[in-house]
Amino acid sequence: MDTLPLQLFILLCTLHHLLGAVLPEHMEPRNLFTERACCRRQTHLVYIGRDISGSPVNVDVGKCRSHCTGPIKISSHDTAMRVNPRHISMLEYLRSKKQVKSSETASRHTPDNSNKPLSCGAGLRCEPTGVRVDKVMLFDGLREVEIIEECHCEAIVTPCMRVPALKTFNFETPYETVVDVGKCAGSKSEQEGFSCVPTKFDAALLETPNKVELVQTVETCEMKEGCYRIPYIEYHYELTYDPDGVKSEKLKEIDVGRCLGSCTTGNRCLLRSAANPEECLLWAEGPGNACVPQGYESNTFLNQHGQLRTVLSITSCLCQS
């Protein structure tokens, strides 16, 4: 009877060694920490104009890296950006580039990242999880700049739908407010040129030291072309007469429409990395064509003063330079 537990122990030890040798050969190793660590914010420097003193203003708006490219290297450019991330000048930036150590020159032969594994797993993509809106005073007036603060792996949505999108306004002030402005998410349509875009909007109120501001939020999304028409309702007083000649006044609803969408031709790279020519260090917003009305129709009626009035409504839109 004493030999049975001993034989059972030997059998279990043998199975443990066999499974330990066989399973690793057929199981693909997966490092969850590495998958999540690859989805991170990356510096994306954009020139937005000149401030009231005439100095160039470059803002690190950030972007979410979508491929695993190995460990993060902190360069002298990143160090300079931390010192003054908003108003670093081109001269300061070029001076900082001279301080790069010789060890960093090895990155000149960096292979193409297009074949690198994606930072997130299947059905996920690297997207911003925290965005703040900064106001920058330029020579031609105040400008709002959206800055990505953090990134995370987000599920890819197949149907066109509205999903939450949080933005922080009046950052680090007593009036700091987080608003779910919403965004449109969904796979591209089978029809070429169609994408998931907002078609209906709402508004949220923001308190500021000077006044109350309105922030536009997305309420509904649909599949549309790049330049598209959205409904825009106006109400007008209209006089009408019944068959007996009795006058009455009512509200007339007219969908005058608006043109929305992007007709841009892309952004321009002002400065590329000497170590890796494919890497752009400073971007400028590219010129774009305007999304303008193409077709319209007339809506004629008598206003409350008995005068004939015509209101035009947009029926279609197109891109025009």
> Distance from Gln42 atom CD to Ile148 atom CD1, nearest 0.5 Å?
Replying inline: 10.5 Å
>> Measuring from atom CD1 of Ile254 to atom CD of Glu297, what distance do you get when rounded to the nearest 0.5 angstrom?
In response: 9.5 Å
> Distance from Glu249 atom CD to Tyr237 atom OH, nearest 0.5 Å?
Replying inline: 6.5 Å
> Can you name the nearest heavy-atom pair linking Cys39 to Glu127, along with the distance?
Replying inline: SG-N, 4.4 Å
> By side chain to side chain contact (heavy atoms under 4.5 Å, CB included), which residues pair with Glu150, not counting sequence neighbours?
Replying inline: Thr129
>> Looking at every non-hydrogen atom in both residues, tell me the closest pair between Tyr235 and Ile233 and how far apart they are.
In response: CE1-CG2, 3.8 Å
> Is the closest side-chain donor-acceptor distance between Asp202 and Thr217 under 3.5 Å?
Replying inline: no
> If you round to the nearest 0.5 Å, how far is NZ of Lys250 from OG1 of Thr240?
Replying inline: 5.0 Å
>> Could you check whether the SG atoms of Cys153 and Cys126 sit less than 2.5 Å apart, since that is the cutoff I want to apply?
In response: no
>> Just so I know, are the side chains of Val311 and Val256 near enough to count as touching, which here means a heavy-atom distance under 4.5 Å?
In response: yes
> Quick one: does Thr168's side chain have a donor or acceptor within less than 3.5 Å of a partner on Phe171's backbone?
Replying inline: no
> Does the salt bridge (charged side-chain N to carboxylate O under 4.0 Å, His left out) test come out yes or no for Lys167 and Glu146, once each step is laid out?
Replying inline: CA-CA 9 Å; Lys167 285 186 181 180; Glu146 293 187 2; 2.2 Å; yes
Can you give me every donor-acceptor pair (side chain of residues 175-185, partner residue at least two apart or in another chain, under 3.5 Å) with its distance?
unit_1: Glu176; atom_1: OE1; unit_2: Glu172; atom_2: N; d: 2.8
unit_1: Thr177; atom_1: OG1; unit_2: Tyr175; atom_2: O; d: 3.0
unit_1: Asp180; atom_1: OD1; unit_2: Ala165; atom_2: N; d: 2.9
unit_1: Asp180; atom_1: OD1; unit_2: Gly182; atom_2: N; d: 3.2

> At their closest point, which heavy atom of Asp60 faces which heavy atom of Leu45, and how far apart are they?
Replying inline: N-CD1, 3.9 Å
>> Walk me through whether Cys259 and Ile314 qualify under side chain to side chain contact (heavy atoms under 4.5 Å, CB included).
In response: CA-CA 8 Å; Cys259 290; Ile314 299 170; 4.0 Å; yes
> Would you say Arg41's side chain and Lys63's backbone share a donor-acceptor pair under 3.5 angstrom?
Replying inline: no
> In the single-linkage hydrophobic clustering (I, L, V, M, F, W, Y; side-chain heavy atoms under 4.5 Å), do Val197 and Leu260 co-cluster?
Replying inline: yes
> Is there less than 2.5 Å between the SG of Cys151 and that of Cys64?
Replying inline: yes
> Taking the side chain from Ser316 and the backbone from Gly295, do they hold a donor-acceptor pair closer than 3.5 Å?
Replying inline: yes
> Within a reach of under 6.0 Å around CZ of Phe301, are more than 12 heavy atoms found that belong to other residues, nucleotides or ligands?
Replying inline: yes
> Quick one: does Lys224's side chain get under 4.5 Å of Thr199's, heavy atoms only?
Replying inline: yes
>> Checking Met161 against Cys221 for the side chain to side chain contact (heavy atoms under 4.5 Å, CB included) test, could you report, in this order, the C-alpha distance in whole Å, the side-chain angles of both residues, the deciding distance, and whether it holds?
In response: CA-CA 6 Å; Met161 61 185 296; Cys221 300; 6.0 Å; no
>> Can a side-chain donor-acceptor contact be found between Asp51 and Ser53 if the only test is distance below 3.5 angstrom?
In response: yes
> Hey, what do you get for Cys160 versus Cys196: SG atoms under 2.5 Å apart or not?
Replying inline: yes
>> Can you confirm whether Ser313 sits close enough to Tyr296 that some side-chain heavy atom of one is under 4.5 Å from a side-chain heavy atom of the other?
In response: no
> Would you say the side chain of Gln216 lies within less than 4.5 Å of the side chain of Phe201, judging by non-hydrogen atoms?
Replying inline: yes
> Got a sec, which residues hit side chain to side chain contact (heavy atoms under 4.5 Å, CB included) with Leu302, two or more places apart in sequence or on another chain?
Replying inline: Leu239, Tyr241, Leu308
>> So, using salt bridge (charged side-chain N to carboxylate O under 4.0 Å, His left out) as the criterion, who are the partners of Glu234 when residues are at least two apart?
In response: none
> Distance under 6.0 Å and angle within 45° of the ring axis: does Arg50 meet both against Phe139?
Replying inline: no
>> For Val246, give me all partners under side chain to side chain contact (heavy atoms under 4.5 Å, CB included), at least two apart in sequence or on another chain.
In response: Asp242, Asp244
> What's the spacing between Phe169 CZ and Lys135 NZ if we round to 0.5 Å?
Replying inline: 9.0 Å
> What pair of heavy atoms forms the shortest contact from Pro198 to Val218, and how long is it?
Replying inline: CB-CG1, 3.7 Å
> Could you go step by step and tell me if Thr310 and Asn299 meet the side chain to side chain contact (heavy atoms under 4.5 Å, CB included) rule?
Replying inline: CA-CA 5 Å; Thr310 299; Asn299 301 274; over 6 Å; no
>> Checking Val145 against Val61 for the side chain to side chain contact (heavy atoms under 4.5 Å, CB included) test, could you report, in this order, the C-alpha distance in whole Å, the side-chain angles of both residues, the deciding distance, and whether it holds?
In response: CA-CA 8 Å; Val145 182; Val61 297; 3.7 Å; yes
> Hey, what do you get for OG1 (Thr315) to CZ (Arg229), rounding to the nearest 0.5 Å?
Replying inline: 7.5 Å
> Taking all non-hydrogen atoms of both residues, which atom of Ala203 and which atom of Leu214 are closest, and how far apart?
Replying inline: CB-CD2, 4.0 Å
>> Using the side chain to side chain contact (heavy atoms under 4.5 Å, CB included) criterion, which residues pair with Leu138? Sequence neighbours excluded.
In response: Ile48, Val57, Val136, Asp140, Arg143
